[in-house]
**Q** 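Structure incoming, see below.
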Amino acid sequence: ADLRTLGWVGRSVGDLPIPPAKGAVLPIRLDHVAIGPRFDGAGGIVDASSRFMFDYPEPQRSEICDFLFKPHFGASFSILKVEVGGDAQQTDGSTASFRHNRGEAPNFNRSHIWWVIGEAKARRQDMLLYGLAWGFPGYLGDFYDGVSIGNYLTEWITGAKAHHGVDIDVIGLWNERQPCSTNPKTAAWNCSTIFGLRAALDTAGLQSVRIAATDGTVGSMDSVVATDAPFTYAATHGFGALSPSQSTFTQAHNLPRWRSESEDTYKSSATMATNLVQSYLISNVTAVVVWPATQGYYPVLPWAEYDMFFYANSPWSGTYTVSSAVWVLAHLTQFADPGWRYLRQGQGTNYLSGGGSYAALIPEDGAPDELVVLIETAAAGTDQELPFVVPGGLIERWAVGDVSGELEVWQSNLTTNDPDAYFHKLPPINVASNGTFVITVPPHTLTTITSRLGLATKGTYPASPPAAPFPLPYRVNYTALSLDRQGPFHTDQQGAWEVAQVDLPRLECTAEQGGVGRPSVGSARGLLQAVTQVPIQWVYATQRPVTIFGDPTWNNVSVSSTAIILDQSQYTQTVLFDCQDVHRFSVPGESGTKGATPIGGTFVSIGVRAIVGGNICGAGKNDTGGYFLLVHSNGTFTVTRGSQVVLASGNLPTLTEGRRCSEYAEMGTEVDMMLTAKGDMVDAFVGGVHVASVVDGTYSAGFAALASGWHRALFTQAFVTPESGQ
């Protein structure tokens, strides 16, 4: 098979199939001749869900990276899968594209992704880098434009090399979308995206970059292969599926299968331990990638209710938590290197008759002078006494080296999620001269036996600082921040919010309007919402650019900000979207979606008690919650409940003499906004003038938020202050 392409890449959300009722014949002979597939490594996904990693102070920020990336210390990742930013909601946030709008120069310094890649590579030079998009900038058209999508992903790869000196090894297509399916716009079967990507990569001299298909649910892989046979080998040589399974196609061409988005930790560390062994045993899965690498987002956003691999969601306090799942993965990653080989099923990997399973690996060259064996007994009811026979080459090495035949043993207790019960070094095993040893493994444990002595450690640091509430009052001066970074402790939920230096539009004001305006174009720095076109979206997300920050328990607070509208939106209406409004939502390029009218209008906005985030409709939740003040470019304002219900509206007040223009939100004019919530009362102010007061008790608490239409808007500051009773 062509090694440019990964074959089986799938996302897993549940348990593996129940194994057949059989077990290994004792003694268990680890036959070094029975060499199986290559172990490709293990790691995690860093996307918008790991956003807060960047905001941590030192030394905690470096400690988190050590626990993830440093070899033989913690999780010891050898694979880092990262989001190719597309300015669209991913699950718990959006990640910035390197080019937001058509015609712009690329910028490969946006978002936290490049920083994470640098930290990972600094700790492990051979870290395999794997990119995948959740969304794409809207100017690309749709996912089935093979030339545009292929060129975009290829430019991301070449930019990674040119600007950060890193090679991307594997590139995916679109998260959990089919590489070939019926184009909803043409009703025609279409594989152009994957062909276009392969052609673009090859033209750019990136023949070594492998394409991963499909990072999600694709139905029957073999039926797709039969439908478009040229695709199967010319472009990617394989497909993925939702969970590990066999495939006639991938088996026939000896293609690797990866669990490219393992979510085993959602169930328990015991599930993760079982699948770590049985994914290979059942389906020849040779790599595991967990999502997310860190829960680096506010813990009330989607999926936060599940157990996570690593918790880094409180950068303002510096606290973080290493979960037991880190040490489950360490049972494999701290001992077996990428390139090692599994021993084949039944000849080094098998089920245990008393419940559980085991898998053995030997070095890449097949020389049986080193050994790693994983044994999981999550389903066992009693102790099991297991006799083993090690490969002959290991016995010979011990004999020639005149060293004792000793094996290290590391074990974890799977009955608890307490990390202290995991990854303990036990007394070594002495192997007899004929290569035999016996180990008794308790039920509900994960055990690693290895000849690689003194290699592994259970890394530790002093306890991180205690958790603390989000600071209140909170104030941020965006003009003082470094370029390209996001707002501190902000999680962008749609669009792209980054510090930028921008030219201001020429402001024309007549004397009748109350001012003379600015005679020339100037520039300003601030937090820029930069996206002007609705992205190609992956999930049913809020339909206007928005970023949130703060504490979900904030109730009686005032949110203030100063903003500048930089240009007019191409969308002329402000459509207030809600999940029940089936005619006003679409995911461009995806079949079977709802109707299509994008959010329109030109405005800047602030929110209080905001509840925004993630796959809103898919999670059974309504769209944006909370209260918002929108200041429109036509000299009007709106106060809304969520993004659907208008509570108040009207004309903006005339400015006093000496101000720039008579109407706020004229392009280039600074707009001072404040929204106060206290009890059931919500008050809105523009330019220090009270414009509305409403009574509504629907939302009692939530985040602070900034928002805009699909146009460029610059926010120069934001602050949140408590009202009495907070």
Side-chain angles (χ1 to χ4, degrees), residues 6-25 28 30-31 34-42 212 214-222 238-290 325 328-329 331-333 336 340-361 372-380 384 386 414 444 446-448:
L6 293 175
W8 196 103
V9 181
R11 172 175 173 268
S12 174
V13 295
D15 295 327
L16 291 164
I18 298 174
K22 63 180 180 180
V25 176
I28 298 170
L30 303 176
D31 186 354
I35 297 175
R38 181 185 191 273
F39 169 59
D40 293 313
T214 66
D215 284 287
T217 305
V218 297
S220 170
M221 292 183 286
D222 295 323
F239 289 82
L242 182 65
S243 59
S245 61
Q246 299 289 357
S247 163
T248 302
F249 178 74
T250 54
Q251 284 180 315
H253 295 289
N254 193 29
L255 298 176
R257 306 174 181 90
W258 289 14
R259 301 188 71 194
S260 65
E261 189 180 328
S262 171
E263 297 166 355
D264 292 335
T265 58
Y266 294 177
K267 290 181 174 287
S268 66
S269 291
T271 300
M272 183 176 181
T274 300
N275 290 353
L276 196 63
V277 177
Q278 293 192 13
S279 289
Y280 166 66
L281 181 56
I282 294 172
S283 303
N284 271 344
V285 169
T286 58
V288 176
V289 185
V290 298
V328 169
L329 196 64
H331 272 275
L332 174 62
T333 57
W340 276 44
R341 306 297 292 267
Y342 281 99
L343 296 184
R344 287 201 297 267
Q345 293 96 326
Q347 297 170 291
T349 302
N350 210 334
Y351 301 105
L352 297 171
S353 58
S357 56
Y358 65 92
L361 300 95
V372 172
V373 182
L374 274 72
I375 307 170
E376 62 80 20
T377 58
Q384 295 182 73
L386 303 176
L414 302 177
H444 316 303
L446 177 63
T447 304
T448 297

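Positions are given from 1 along the sequence.
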**Q** Among Leu361, Thr448, Leu446, which residue meets the side chain to side chain contact (heavy atoms under 4.5 Å, CB included) test with Leu332?
**A**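 It is Leu361, the one option of Leu361, Thr448, Leu446 that forms the side chain to side chain contact (heavy atoms under 4.5 Å, CB included) with Leu332.
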
**Q** Looking at every heavy atom in both Leu343 and Gln347, which two are closest together, and how far apart are they?
**A**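 Heavy atoms of Leu343 and Gln347 come nearest at CB-O, 3.9 Å.
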
**Q** Using the ring of each side chain (for Trp, its six-membered ring), is Phe39 parallel, tilted or perpendicular to Tyr342, with breaks at 30° and 60°?
**A**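 Perpendicular, since the angle between the ring planes exceeds 60°.
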
**Q** Calculate, to the nearest 0.5 Å, the distance between atoms CG and OG belonging to Leu276 and Ser269 respectively.
**A**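 Between Leu276 CG and Ser269 OG, I get 11.0 Å after rounding to 0.5 Å.
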
**Q** Working to the nearest 0.5 angstrom, can you tell me the gap between Leu281 CG and Thr349 OG1?
**A**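 One finds 6.5 Å between CG of Leu281 and OG1 of Thr349.
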
**Q** Closer than 3.5 angstrom, by distance alone: can the side chain of Arg344 be matched with the main-chain N or O of Ile35 as a donor-acceptor pair?
**A**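 Pair found, side chain donor or acceptor close to backbone of Ile35.
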
**Q** Closest heavy-atom contact between Ala380 and His444?
**A**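 Looking at all heavy atoms of both residues, the shortest contact is O-CE1, 3.2 Å.
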
**Q** Are Tyr358 and Leu374 side-chain neighbours, meaning at least one heavy-atom pair lies under 4.5 Å?
**A**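 Counting from C-beta outward, Tyr358 and Leu374 never come under 4.5 Å.
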
**Q** Is the backbone of Ala378 close enough, under 3.5 Å, to the side chain of Glu376 for a donor and an acceptor to pair up by distance?
**A**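 Yes, Glu376 side chain to Ala378 backbone: donor-acceptor pair under 3.5 Å.
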
**Q** Considering only heavy atoms from C-beta outward, does the side chain of Ile282 approach that of Gln278 to under 4.5 Å?
**A**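 Side chain of Ile282 against side chain of Gln278, heavy atoms only: contact under 4.5 Å found.
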
**Q** Please name the pair of heavy atoms, one in Leu329 and one in Ala42, separated by the smallest distance, quoted to 0.1 Å.
**A**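 Taking every non-hydrogen atom into account, CD1-CB, 3.9 Å.
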
**Q** For a side chain to side chain contact (heavy atoms under 4.5 Å, CB included) check, start with the C-alpha distance between Thr286 and Trp258, then their side-chain angles and the critical distance, and finish with the verdict.
**A** CA-CA 6 Å; Thr286 58; Trp258 289 14; 3.7 Å; yes

**Q** Would you check if the side chain of Gln384 reaches a backbone N or O of Gly354 as a donor-acceptor pair within less than 3.5 Å?
**A**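 Confirmed, Gln384 side chain pairs with Gly354 backbone.
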
**Q** Go through the side-chain N and O atoms of Ser283 and Arg257 and say whether any donor and acceptor fall under 3.5 Å apart.
**A**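 No, Arg257 and Ser283 have no side-chain donor paired with an acceptor closer than 3.5 Å.
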
**Q** Answer whether the closest heavy-atom distance between the side chains of Leu414 and Thr274 falls below 4.5 Å.
**A**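 No. Closest side-chain heavy atoms not under 4.5 Å.
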
**Q** Is it the case that the side chain of Ser357 and the backbone of Asn350 share a donor-acceptor pair, with hydrogens and angles ignored and the cut-off at 3.5 Å?
**A**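 Not at all, since once roles are kept as given, no pair shorter than 3.5 Å links the two residues.
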
**Q** Just so I know, are the side chains of Ile28 and Leu352 near enough to count as touching, which here means a heavy-atom distance under 4.5 Å?
**A**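 Side chain of Ile28 against side chain of Leu352, heavy atoms only: contact under 4.5 Å found.
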
